[in-house]
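Read the structure below first, then the notes.
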Amino acid sequence: MKTIIKKTPLSQALLLSIVALGMSACKAPTNNIKPPPNTGNVNTSPKPPTTSQPALSIASWSKSAIDNSQTDAIYRQEWSKSPTKNTCPILALPKNANAQIQGHSVRRANFSGGWGVAYDLPNERSAYGVANAGMLQAGEQVYDNWPYNIVYQDGSTVGYGHEGGDPSAKWLAYVVIPENRCFYNVWSAQGQFHLEQMLSELRQVKP
């Protein structure tokens, strides 16, 4: 004899409650998810963008002057005969500079209004060099007309690129130092890297 359970409204409600509890037990709890750890930035106001500029480079020639023995004697010889010797210091490439190329020879270079020193290689005349062009009155113009420019901490400026804008020409730099706005030419037929290496190693020489 079968026992028939008659579903009353009350029993139906209880049954529905049991089913609902069973289904909720199968679901992943949603109230146990922990928030990410506080990094300290949650309640921090956004910082305004910085307006500071990157630190300027230190010019090699703003360091202590080197002795005459540390560079080629031709620098002092040509400087002492120039009309700029009382206003512009000697700017020279030291003998032990990394930019010095093995097998070079050094000589006087003709440079109107100042002095010049050229370095020759066995198969290349005036492969690189340094010269003083006398006093400069318009440093900003010299600085602005080049594709590459540097401003140093001491106020020196350098503008450089291919001479005359010709990609096949040697690399040339115009250097202006704060001391009486003295103007120098630095050149290299060895490429951009070599010219930049020279600029990083030039030093003032003790008079």
Strictly by modelled atom types, are [X] and [Y] linked by a side-chain donor-acceptor pair under 3.5 Å?
X      : Y      : answer
Ser156 : Asp154 : yes
Gln100 : Glu201 : no
Asn180 : Thr87  : no

Rounded distance (nearest 0.5 Å) linking atom [atom1] of [X] with atom [atom2] of [Y]:
X      : Y      : atom1 : atom2 : result
Ile90  : Cys182 : CD1   : SG    : 12.0 Å
Asp72  : Lys95  : CG    : NZ    : 6.0 Å
Met198 : Tyr160 : CE    : OH    : 13.0 Å
Phe183 : Thr157 : CZ    : OG1   : 9.5 Å
Asp120 : Arg125 : CG    : CZ    : 5.5 Å
Trp61  : Ser200 : CH2   : OG    : 9.0 Å

Heavy-atom side-chain contact between [X] and [Y] under 4.5 Å:
X      : Y      : answer
Gln153 : Ser62  : no
Pro89  : Ile177 : yes
Leu93  : Tyr75  : yes
Arg107 : Ile74  : no
Arg203 : Thr71  : no
Ser188 : Gln197 : no

Minimum heavy-atom separation for [X] to [Y], with atom names?
X      : Y      : result
Val205 : Ala65  : C-CB, 4.1 Å
Leu195 : Trp171 : CD2-CB, 3.7 Å
Ser126 : Ala118 : OG-CB, 4.3 Å

Would a distance-only check, ignoring hydrogens and angles, find a side-chain to backbone donor-acceptor pair under 3.5 Å from [X] to [Y]?
X      : Y      : answer
Ser60  : Leu202 : yes
His162 : Ser168 : no
Glu124 : Leu121 : no
Asn185 : Tyr174 : no
His104 : Ile101 : yes
Trp79  : Cys88  : yes

For Gln204 and Leu91, what are the C-alpha separation, side-chain angles and deciding distance, and is it a side-chain contact (heavy atoms from CB on, under 4.5 Å)? CA-CA 5 Å; Gln204 286 196 36; Leu91 202 63; 4.0 Å; yes

Hydrophobic cluster identity match, Val186 and Phe193, side-chain contacts under 4.5 Å: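 As far as the 4.5 Å side-chain criterion goes, Phe193 and Val186 are not connected within one cluster.
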
Following the transitive rule for hydrophobic clusters with a side-chain heavy-atom cut-off under 4.5 Å over Ile, Leu, Val, Met, Phe, Trp and Tyr, establish whether Val175 and Tyr148 coincide in one cluster.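 Yes; tracing contacts between hydrophobic side chains, which count when under 4.5 Å, links both residues.
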
Ring-plane angle category for Phe111 and Trp187, please: parallel below 30°, perpendicular beyond 60°, tilted otherwise.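 Aromatic pair Phe111/Trp187 classed parallel.
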
